[in-house]
Amino acid sequence: MALAALDVYRDAVRERSPELRPEILAEGAAALSPEPFLAARTVQESIGINETGGPAVIVSSAGMATGGRVLHHLRRLLPDPRNAVVVVGFAAAGTRARDLVDGARVLKMFGEYVPVRAEVADVPHFSAHADADQILGWLRGVPPPHTTYLVHGEPAASEALRDRVDRELGWTAVVPRSGEAVLVR
C-alpha cells in the first residue's frame with residue numbers, strides 16, 4: 001500500500017501537479033527517490049535490504065510492526081544506535097510500534113528479545129485513517145443503518161465518535177465490548 005501511494009506521488013511529480021510544492025517540482029523524481037533509495041516490491045528485494053551494511057531508514061506499512069517483512073528489518077536495525085525507526089501515523093496500544101513510541105528498551109520478536117538502541121521518532125499526524133469529521137462526512141452520504149458499530153480505535157476516541165454520531169446524525173451508535181458478538185442483518 002505504501003508503494004502504491006508512492007507511485008501516486010511520483011505520477012504527480014511527473015505530471016507537474018500544481019498541488020505540489022515548487023521545490024518538489026524543481027527537484028523532480030529525486031525528491032521522492034533520493035539515492036540510494038530502494039522501493040522493495042518483492043520478498044526477494046526486501047530480503048536484500050537485510051544484506052546491506054551501514055545505517056538505514058526503513059519505511060513500511062506493516063501494521064504497526066505487528067507482523068510482516070518489517071519485523072526482520074527491525075530485528076536487525078533496532079540494536080544499532082546509528083539507525084532510526086520512524087513511526088508514521090497513529091500507533092495503537094498493544095503494538096510494537098506503540099511500545100517503541102513509549103520508549104521500550106527491548107522488543108520481543110521471533111521468540112527473542114531485541115534491544116532497542118536505534119533512535120525512535122514519532123510522527124503521529126500522518127495517518128491513512130479518516131478523522132472524526134471525515135467519517136461523519138462520509139456517513140452523511142449513506143442511508144441511516146439500524147445500528148452503527150464503531151469497532152476500530154482507542155476506547156476514548158471511539159466513545160467520543162459514538163457520541164457525535166448520535167448527536168449530529170441522530171443514529172444509534174455502539175462501541176461493542178471486546179469479544180461481544182452482534183447479529184448484523
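Residue V116 comes nearest to A104 through the heavy atom pair CB-O, 3.5 Å, listed as atom of the first residue, atom of the second, then distance. Y149 and L183 get closest at one heavy-atom pair: OH-O, 4.4 Å. Residues V151 and P176 approach most closely at CG1-CG, 4.0 Å, considering heavy atoms. In this structure, R69 and T42 approach most closely via the heavy-atom pair NH1-O, 2.9 Å. In this structure, A173 and V165 approach most closely via the heavy-atom pair CB-CG1, 3.8 Å. A pairwise comparison of heavy atoms in A97 and A65 identifies N-CB, 4.1 Å as the closest pair.
Looking at residues two or more places apart in sequence or on another chain, you find no salt bridge (charged side-chain N to carboxylate O under 4.0 Å, His left out) involving R162. Every ring pair (Phe, Tyr, Trp, His ring centres under 6.0 Å) that H152 has, sequence neighbours left out, goes to H129. With sequence neighbours excluded, the residues satisfying side chain to side chain donor-acceptor pair (under 3.5 Å) with R76 are N50.
Residue pairs satisfying the side-chain hydrogen bond (donor to acceptor under 3.5 Å, both in side chains) criterion with at least one member in residues 102-111, sequence neighbours excluded, are listed as follows: R98-D102. Residue pairs satisfying the salt bridge (charged side-chain N to carboxylate O under 4.0 Å, His left out) criterion with at least one member in residues 11-21, sequence neighbours excluded, are listed as follows: D11-R14, R21-E23. For residues 136-151, every residue pair satisfying the salt bridge (charged side-chain N to carboxylate O under 4.0 Å, His left out) rule, not counting sequence neighbours, is listed here: R140-E168.
The only option from V184, V174, V182 that meets the side chain to side chain contact (heavy atoms under 4.5 Å, CB included) definition with T147 turns out to be V174. In summary, of the residues considered (V101, T66, V87), a side chain to side chain contact (heavy atoms under 4.5 Å, CB included) with T95 occurs for T66 alone.
Distance check, rounded to the nearest 0.5 Å: CZ of R164 to CD1 of I135 gives 9.5 Å. Note: L78 CG to M109 CE = 5.0 Å, rounded to the nearest 0.5 Å. Separating the CG atom in D122 from the CG atom in L100 is a distance of 10.0 Å, to the nearest 0.5 Å. The line from CG of L161 to CG of D166 is 11.0 Å long, rounded to the nearest 0.5 Å.
The 12-atom threshold is exceeded at CZ of F110, counting heavy atoms of other residues, nucleotides or ligands nearer than 6.0 Å.
Side-chain atoms of V85 and L77, non-hydrogen and from C-beta on, never get closer than 4.5 Å to each other. Side-chain contact check for L139 versus W171: some heavy-atom pair is nearer than 4.5 Å. For the pair L74 and L107, the minimum side-chain heavy-atom distance is 4.5 Å or more.
Looking at Q134, its side chain does come within 3.5 Å of a backbone N or O of D131 through a donor-acceptor pair.
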